[in-house]
A.B. asks: 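Just dropping this structure here.
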Amino acid sequence: MSEGSRTLRISLTVNGKKVEGDVEPRTLLTHFLRDKLSLTGTHIGCDTSNCGACTVLMDGYSVKSCTMFAVQADGSSITTVEGLERDGKLSRIQEAFREKHGLQCGFCTPGMIMSTAFLLKENPHPSDEEIRWGISGNLCRCTGYSNIVAAVKYAAETSGGDSN
Amino acid sequence: MYPGSFDYQRPQTLQEAVRLLGTSQGDARILAGGMSLIPLLKSRLVSIPTLIDIGRIDELRKIGNTEKSVTIGSMVTDHEIENSRIIGDRFPLIREVSRWIGDPQVRNRGTMGGSLCHADPSGDWGACFIALRGKAHVEGPNGSREIDSDSFFTGPFSTSVDISEILTAIEFHDIDGMVGSAYEKIERKAGDFATVGVAVQISIDEKGNCTYAGIGLTSVSASPVRAAKAEKELYGKVLTMRNIESAALAASHECDPTDDPLRGSADFKRYLVNVCAKRALIRAVKEAGGVL
Ligand SMILES: Cc1cc2nc3c(=O)[nH]c(=O)nc-3n(C[C@H](O)[C@H](O)[C@H](O)COP(=O)(O)OP(=O)(O)OC[C@H]3O[C@@H](n4cnc5c(N)ncnc54)[C@H](O)[C@@H]3O)c2cc1C
Ligand code: FES
Ligand code: FES
């Protein structure tokens, strides 16, 4: 990476694929993913670090991609909601959200799902209280959360320890 | 929404970071987890010509464990702090406070070092740092120095860390006796900044006398502050319900909260300081094995 130039070259892994890009330092990770890579599954809700709609995994940790510069993700491995399915099959967490009706408009869902992926990786069998704590960085304006908690619980029960 | 343009540098060593900061003539700022700085840059409340990202400096990511103290590198994340047994077993207060910072995503990026340097009057780490009488290790062009918790905060969003200096680590020393601690935070909603926060650590000797009293308050003054009068109500005395009540009352009198439309009136916050201090002290004394 060269310093001092107006754009910097970054290379990272996104959903298992190596990608490179030239970005201004101020380019947010969320814009890099949505605008340069056309991965629009990652939503921008509040754009002020509060709602969690933009949550992705960076090296396995949930982060708000509207509150990170793409240059900070240089060299890392990013997973977005598009990276969860396998061979056209939804992941357990995605299945669980469908099964338990864990969404209405769906705007918060990609972020909720990525936070759930992180939560279940850290704690494969969370209690209801731990689930609510685990998704406390994600806001939903539709569901009232009950079905989301049920979906996360269902994902935990059906995952057999596989955090995906 | 994105910030104005800036230059970005990512040193690999502390030495290089100190050099870059020193030669920037005040134009550069440190970027740690970005959980306070990036929202400020995005909303264009601040603009900074050069950001020096210290996120890849390995020596700042260490947790040091010596016989007398634990040292937390300034780039150790809140999530790592929350999950560190070294830290949590020796300083349960630090673990307890870590869980109150924002939300999981914020804790995955944010650092104690960044929070202290940001010096938000409502920061949770400030209260903890004061209650435990932590020491901040900083490094600058003239070498390294230590700043104790009583001279760290100098006002809202300002500290005694010079703009040419980097906070490298925060050190917490063990204390003698039977130790107990607690953090009581009132928040409007999950993940919010404190309406009021009270961090407490006490220790008692075998006769039941208080041999250490540390009480840090947040959200009720221009910066996180020590409740020094409240500590005096406890230090050297047998910890009874009565002493706890007078300490909590003293804490509520010595802070200086403001009326705010979001989190309540100054009187309300004073009342909460009294309640939270009492709750925290009762829990801490019980944890230390004291009888009330
Ligand atoms: C949604 C949300 C909720 C939050 N909730 C809470 C909460 O409940 N309680 C709470 O206390 N905080 C909360 N915060 C604030 C935040 O967690 C901390 O202030 C933050 O983690 C700061 O650490 P950082 O590493 O992210 O620092 P940055 O944002 O990178 O930096 C903050 C400031 O400190 C300076 N700085 C950082 N590191 C150093 C260093 N090593 N040496 C010198 N200067 C340095 C920077 O230049 C900058 O001015 C919240 C933030 C968000 C976005
Ligand atoms: S869009 Fe990132 S937190 Fe709301
Ligand atoms: S389903 Fe609409 S915001 Fe959550």
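Order of the sequence lines fixes the chain letters, A, B, ..., with proteins taken first and strands second; residue numbering starts at 1 for each chain. Predicted model, so just to flag it, every value in this text is computed and none were measured.
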A.B. asks: Where is the tightest heavy-atom contact between His31(A) and Tyr2(B), given as atom of each residue plus distance?
C.D. replies: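 Nearest heavy atoms, His31(A) then Tyr2(B): CE1-CD2, 3.9 Å.
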
A.B. asks: Evaluate ring-ring contact (aromatic ring centres under 6.0 Å, His included) for Phe6(B) paired with Phe69(A), printing each intermediate quantity in order.
C.D. replies: CA-CA 12 Å; Phe6(B) 55 82; Phe69(A) 297 119; 5.1 Å; yes

A.B. asks: What distance do Asn108(B) atom CG and Glu122(A) atom CD have between them, rounded to the nearest 0.5 Å?
C.D. replies: 7.0 Å

A.B. asks: Do you know which of Gly4(B), Gly191(B), Gly33(B) has the most heavy-atom pairs with chain A at a distance under 4.5 angstrom?
C.D. replies: Gly4(B)

A.B. asks: Measure the shortest side-chain to side-chain distance between Ser5(B) and Glu24(A) over non-hydrogen atoms and say whether it is less than 4.5 angstrom.
C.D. replies: yes

A.B. asks: So, Gln105(B) and Ser62(A): side-chain donor and acceptor under 3.5 Å apart, yes or no?
C.D. replies: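 No.
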
A.B. asks: Is any side-chain heavy atom of Thr67(A) closer than 4.5 Å to one of Arg109(B)?
C.D. replies: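 With C-beta onward as the side chain, the pair stays apart.
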
A.B. asks: Using 4.0 Å as the upper bound for N to carboxylate O, is an ion pair formed by Asp74(A) and Arg10(B)?
C.D. replies: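 Yes, charged N to carboxylate O under 4.0 Å.
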
A.B. asks: More than 12 heavy atoms of other residues, nucleotides or ligands under 6.0 Å from CZ of Arg98(A): yes or no?
C.D. replies: no

A.B. asks: Highest number of heavy-atom pairs under 4.5 Å with chain B: which of Thr48(A), Thr27(A), Leu119(A), Thr55(A)?
C.D. replies: Thr55(A)

A.B. asks: Looking only at non-hydrogen atoms, find the nearest pair between Gln72(A) and Ile38(B) and report the distance.
C.D. replies: OE1-CD1, 3.5 Å

A.B. asks: To check you understand the geometry: which heavy-atom pair defines the closest contact between Arg99(B) and Trp133(A), and what is its length?
C.D. replies: O-CZ2, 3.2 Å

A.B. asks: If you count heavy-atom pairs under 4.5 Å with chain A, which of Gly55(B), Pro39(B), Gly34(B) comes out on top?
C.D. replies: Pro39(B)

A.B. asks: Do other residues, nucleotides or ligands put more than 12 heavy atoms under 6.0 Å from the CZ atom of Arg188(B)?
C.D. replies: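 Atom CZ in Arg188(B) is crowded, with more than 12 foreign heavy atoms closer than 6.0 Å.
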
A.B. asks: Report the C-alpha distance between Leu28(A) and Lys42(B) in whole Å, list the side-chain angles of each, state the deciding distance to 0.1 Å, and finish with yes or no for side chain to side chain contact (heavy atoms under 4.5 Å, CB included).
C.D. replies: CA-CA 10 Å; Leu28(A) 296 165; Lys42(B) 282 177 68 180; 3.6 Å; yes

A.B. asks: Quick one: what part of Ser115(A) sits under 4.5 Å from any heavy atom of chain B, side chain, backbone, both or neither?
C.D. replies: side chain

A.B. asks: Report yes if some heavy atom in the side chain of Arg107(B) is under 4.5 Å from a heavy atom in the side chain of Tyr61(A); otherwise report no.
C.D. replies: no

A.B. asks: Working to the nearest 0.5 Å, report the span between OG1 of Thr30(A) and CE of Met1(B).
C.D. replies: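 Separation between the atoms: 12.0 Å.
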
A.B. asks: For the CD atom on Gln15(B), are there more than 12 heavy atoms of other groups (residues, nucleotides or ligands in this structure) within a distance under 6.0 Å?
C.D. replies: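 Atom CD in Gln15(B) is not crowded, with 12 or fewer foreign heavy atoms closer than 6.0 Å.
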
A.B. asks: CG/Leu31(B) to CE/Met68(A) distance, rounded to the nearest 0.5 angstrom?
C.D. replies: 9.0 Å

A.B. asks: Contact part of Leu37(B) toward chain A, heavy-atom cut-off under 4.5 Å: side chain, backbone, both or neither?
C.D. replies: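 For Leu37(B), there is no contact with chain A at all, as no heavy atom is under 4.5 Å.
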
A.B. asks: Determine the minimum heavy-atom distance between Asp103(B) and Lys64(A), stating which atoms define it.
C.D. replies: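 Distance-wise, the nearest heavy atoms are OD2-NZ, 2.7 Å.
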
A.B. asks: Pro104(B) and Gly137(A): which non-hydrogen atoms are nearest, and at how many Å?
C.D. replies: CD-N, 4.1 Å

